[in-house]
Amino acid sequence: MSKRPAVLMIGMDAAEVSLIQRWMDEGVLPNLRSMRNQGAFGPLASTAPWLVGSPWPSFYTGMPPSEHGLYHYLVWRPERMKHERPSPRWMPLRPFWRTIASSRRVVAVDVPLAYAPETFDGTEISGWATLETLDPPASHPGELIDWVYKTFGKAPFGNEEAHLLSAASLLEVRDRCVRTTELVGDLGVALMQKEPWDLFMICFAATHRGGHQLWDLTNMAGEDSAAQAEALGGALKDIYVACDTAIGRLIGQAGSEATTLVFSLHGMGANVSRSELLREMLARVLAGHGASDGPASRPRLTDRLRALLPTPLRSWIKNHLPIPIQDWLTMFWRTRGIDWSSARAFVALCDLDGYVRINLRGREAAGIVEPGAEYEALCTQIAQGLGSFIDADSGIPVVDAIARIKDLYPGGRVSDHLPDLMIRWCPKPAALHRRIVSPRYSAIPWPTPGRAPDGRSGNHRPDEFLLASGARMAQGIPIERAHILDLVPTVFELLDLPVPAGLKGHSLLRTLEQRRGIS
């Protein structure tokens with residue numbers, strides 16, 4: 001390792017800060033607790049409250065989503081009237097570490113939602129053990145991924161199973177997450193020994209997968225035994241403990257002179273997503289009336305044929321198809337049957353918060369809604385209509401809040417890729433529903449009463465954190481009023497590099513050093 005300043009960045013993808021705080025206090029996560037005691041700890045504000053898929057690209061570009069455009073692995077292209085996997089050809093996204101590599105030695109491993117490495121001066125592995133990928137696994141230099149496969153095996157994570165899982169399957173998820181975490185730790189230590197570095201960045205995805213599928217048992221099919229129930233009760237903790245152990249190994253390998261930043265860009269909690277119902281809700285609002293029972297329209301032949309296959313089999317078949325076909329199937333089932341000549345609005349791809357696009361003339365290639373008064377009136381109609389739905393049993397509103405992208409990010413450079421309306425759901429777990437109802441738009445049944453239909457007992461929360469320790473960090477400093485956009489400027493300063501113009505955040509280092517000096 002160089003004698004120059006060194007920074008170790010460790011991402012815990014979608015790790016929940018309340019769990020980390022509790023388990024640090026209980027001594028379950030000794031390495032993270034040691035970091036907290038010796039350095040700085042606190043929350044980070046994020047872009048996650050309204051665009052849950054935007055934090056990683058916002059972090060690594062140093063820009064808000066209105067400037068980079070990426071909020072999901074499939075993004076709406078208005079000029080083509082379809083969702084597509086982003087490409088550098090039309091959505092350039094340059095991560096900060098590829099810029100730093102021109103003057104510092106850089107190693108980056110498995111940063112989510114980043115394009116495959118281009119030719120640059122550093123070392124990078126992409127898509128090996130992460131969940132959110134834009135491209136197949138790759139590396140720079142190109143032969144490095146072959147070394148990874150030979151030494152550590154093929155990508156240990158498969159696609160997420162989007163259906164109810166048996167207790168045995170949920171325990172397999174735990175075991176896979178723990179094993180993957182161990183492998184990522186092994187890979188990180190091996191790369192530290194193999195490659196010289198000034199900036200080393202590595203991300204753990206198991207906290208993300210485990211949070212989705214092991215938060216509680218509302219995604220479990222059937223019953224569990226007493227032994228399985230006990231094991232599942234500690235399954236998520238097992239994953240966090242494995243991460244803490246791997247982080248301790250990485251910090252030990254980095255040495256005492258390195259500054260270590262451990263962070264999460266969004267958190268995890270009970271699944272509150274009602275996006276499964278949003279397409280039907282929107283259809284009724286646009287029609288101006290409800291249906292007496294069930295869907296507003298008769299299922300198509302393709303829907304009836306699809307329903308004949310058990311959900312686990314459908315999931316298995318899809319996950320073994322080439323990625324382009326998987327993407328096509330995802331959009332076929334979610335946007336099928338839209339008549340663009342009459343569709344005034346539609347549901348953009350979403351898996352937590354709801355996203356609605358207006359089919360706007362002059363922006364969408366097939367747009368029919370006039371900008372101005374017609375657009376504003378339609379947005380108001382949709383917001384009021386969606387807001388009228390309540391849980392049929394408790395009377396609690398299904399929608400917590402609705403925001404417009406133009407209010408959150410006025411004048412954004414690439415806002416045309418983003419939704420017009422974003423729906424934040426009620427914070428109560430969605431699996432509690434039997435049905436939802438509106439006085440004007442009638443009732444819509446919940447597809448799996450008491451269960452999460454998408455197989456996710458947990459889903460994202462906009463709570464994130466930063467742990468920072470090292471020679472330049474004061475002990476016991478609380479981090480306050482910080483944002484994920486501040487991380488990149490902080491890294492530049494830690495590496496004694498000028499902060500590039502145009503980044504939206506500011507370095508946290510000076511504040512921490514001032515606090516140290518005052519104390």
Report task. Verify the neighbour count for atom CD of Glu230: are there more than 12 heavy atoms of other residues, nucleotides or ligands below 6.0 Å? Result -> no
Query raised in the report: CG of Leu421 to CD1 of Ile423: how many Å apart, nearest 0.5 Å?
Result: 6.0 Å
Query - Contact summary for Leu378 and Leu286, nearest pair of heavy atoms - result: CD1-CD2, 3.9 Å
Query raised in the report: Within a strict 4.5 Å, meaning less than it, do heavy atoms of the Thr61 and Pro95 side chains meet?
Result: no
Requested in this report: Evaluate the criterion side-chain contact (heavy atoms from CB on, under 4.5 Å) for residue pair Met12 and Cys243; output intermediate values, then yes/no.
Outcome: CA-CA 8 Å; Met12 297 180 67; Cys243 284; 4.1 Å; yes
**Report entry** Separation between CD of Gln384 and CD1 of Ile402, rounded to the nearest 0.5 Å
**Finding:** 9.5 Å
Requested in this report: Output all residues satisfying salt bridge (Lys or Arg N to Asp or Glu O under 4.0 Å) with Asp393, sequence neighbours left out; order by chain, then residue number.
Outcome: Arg434
Report task. Check whether any side-chain heavy atom of Val347 lies under 4.5 Å from a side-chain heavy atom of Cys350, and answer yes or no. Result -> yes
Query raised in the report: Just how far is it from atom CD1 of Ile436 to atom CD1 of Ile396, taken to the nearest 0.5 Å?
Result: 13.5 Å
**Report entry** Whether Tyr240 side chain and Glu16 backbone form a donor-acceptor pair below 3.5 Å
**Finding:** yes
Query raised in the report: Side chain of Asp244, backbone of Leu32: donor and acceptor closer than 3.5 Å?
Result: yes
Query - Evaluation steps, side-chain contact (heavy atoms from CB on, under 4.5 Å), between Arg361 and Val369 - result: CA-CA 5 Å; Arg361 190 183 302 277; Val369 175; over 6 Å; no
**Report entry** Between OG on residue Ser58 and NZ on residue Lys504, distance to nearest 0.5 Å
**Finding:** 12.0 Å
Query raised in the report: Between Phe346 and Trp340, is the ring centre distance below 6.0 Å?
Result: yes
Report task. Would you check if Arg284 and Arg279 make a side-chain contact, meaning some heavy-atom pair closer than 4.5 Å? Result -> no
Report task. Look at Glu376 together with Arg404 and state whether they make a salt bridge at an N to O cut-off of under 4.0 Å. Result -> yes
Report task. Taking all non-hydrogen atoms of both residues into account, name the closest pair between Asn359 and Ala366 and its distance. Result -> ND2-O, 3.3 Å
Report task. Take Leu487 and Leu466, measure what side-chain contact (heavy atoms from CB on, under 4.5 Å) needs, and give me the verdict at the end. Result -> CA-CA 9 Å; Leu487 292 175; Leu466 171 64; 3.9 Å; yes
Report task. Output every pair passing ring-ring contact (aromatic ring centres under 6.0 Å, His included) with a member in residues 409-432, not counting sequence neighbours, ordered by first then second residue. Result -> Trp90-His417
Query raised in the report: Do side-chain atoms of Asn219 reach the backbone of Gly455 as a donor and acceptor pair under 3.5 angstrom?
Result: yes
Query - Distance (rounded to the nearest 0.5 Å) between Leu236 CG and Asp216 CG - result: 10.5 Å
Query raised in the report: Can a salt bridge be assigned to the pair Arg357 and Glu364 using a cut-off of 4.0 Å between side-chain N and carboxylate O?
Result: yes
Query - Check ion pair Asp238-Arg174 (N to O, under 4.0 angstrom) - result: yes
Report task. Specify the closest pair of heavy atoms between Asp224 and Ala167, including all atoms of both residues, with the distance to one decimal. Result -> CB-CB, 3.6 Å
Requested in this report: Kindly indicate whether the side chain of Pro419, heavy atoms from C-beta on, has any atom under 4.5 Å from the side chain of Leu51.
Outcome: yes
**Report entry** Over-ring placement of Arg176 relative to Phe157, 6.0 Å and 45° cut-offs
**Finding:** no
Report task. Please report the closest heavy-atom contact between Val52 and Asp351, naming both atoms and the distance. Result -> CG1-OD1, 4.4 Å
**Report entry** Side chains of Pro453 and Trp446 in contact at under 4.5 Å (non-hydrogen atoms)
**Finding:** yes
Query - Under 3.5 Å: donor-acceptor pair, side chain of Asp110, backbone of Ser126 - result: no
**Report entry** Short side-chain to backbone donor-acceptor contact, Arg451 and Met220, under 3.5 Å
**Finding:** yes
Report task. Could you tell me whether the side chain of Ser275 and the main chain of Leu352 form a donor-acceptor pair under 3.5 Å? Result -> yes
Query raised in the report: If only atom types and distance count, is the side chain of Asp25 paired as donor or acceptor with the main-chain N or O of Arg22 below 3.5 Å?
Result: no
Query raised in the report: Out of Asp13, Ile484, Val17, which one pairs with His266 under the side chain to side chain contact (heavy atoms under 4.5 Å, CB included) rule?
Result: Asp13
**Report entry** Any donor-acceptor N/O pair, Ser54 side chain to Tyr71 backbone, under 3.5 Å
**Finding:** no
Requested in this report: Among Phe41, Phe59, Tyr60, find the residue that satisfies the ring-ring contact (aromatic ring centres under 6.0 Å, His included) test when tested with Phe263.
Outcome: Phe59
Query - Between Ser273 and Asn271: side-chain donor-acceptor atoms closer than 3.5 Å - result: no
**Report entry** N-O pairing of Asp420 and Arg363 below 4.0 Å
**Finding:** yes
Query raised in the report: How far apart are the closest heavy atoms of Ile239 and Gly210, and which atoms are they?
Result: CD1-CA, 3.8 Å
Requested in this report: State, yes or no, whether a side-chain contact exists between Leu278 and Leu386 at a heavy-atom distance under 4.5 Å.
Outcome: yes
Report task. Using a 4.5 Å cut-off on heavy atoms from C-beta on, say whether the side chain of Glu84 contacts that of Val75. Result -> no
Query raised in the report: Is the backbone of Gly127 close enough, under 3.5 Å, to the side chain of Thr130 for a donor and an acceptor to pair up by distance?
Result: no
Requested in this report: Specify whether His212 and His460 have parallel, tilted or perpendicular ring planes, treating 30° as the upper limit for parallel and 60° as the lower limit for perpendicular.
Outcome: perpendicular
Query raised in the report: Nearest 0.5 Å, what's the CE-CZ distance between Met63 and Arg94?
Result: 13.0 Å
Query raised in the report: Who pairs with Ser225 by side chain to side chain contact (heavy atoms under 4.5 Å, CB included), at least two apart in sequence or on another chain?
Result: Ala227, Gln228
Requested in this report: List the steps and the verdict of side-chain contact (heavy atoms from CB on, under 4.5 Å) for Met268 and Thr207.
Outcome: CA-CA 9 Å; Met268 191 68 68; Thr207 43; over 6 Å; no
Query raised in the report: Do the side chains of Ile358 and Arg344 get nearer than 4.5 Å, heavy atoms only?
Result: no
Query - Salt bridge flag under 4.0 Å for residues Arg456 and Glu160 - result: yes
Query raised in the report: Does a sphere of radius 6.0 Å around CD in Glu223 hold more than 12 heavy atoms from other residues, nucleotides or ligands, not counting ones at 6.0 Å or beyond?
Result: no
Report task. Locate the shortest heavy-atom distance separating Ile479 from Pro43; write the atom from each residue and the value. Result -> O-CD, 3.4 Å
Requested in this report: Mark yes or no for whether Ser46, through its side chain, and Leu265, through its backbone, hold a donor-acceptor pair below 3.5 Å.
Outcome: yes
Query raised in the report: Does the salt bridge (charged side-chain N to carboxylate O under 4.0 Å, His left out) test come out yes or no for Arg274 and Asp353, once each step is laid out?
Result: CA-CA 8 Å; Arg274 279 83 174 175; Asp353 299 321; over 6 Å; no
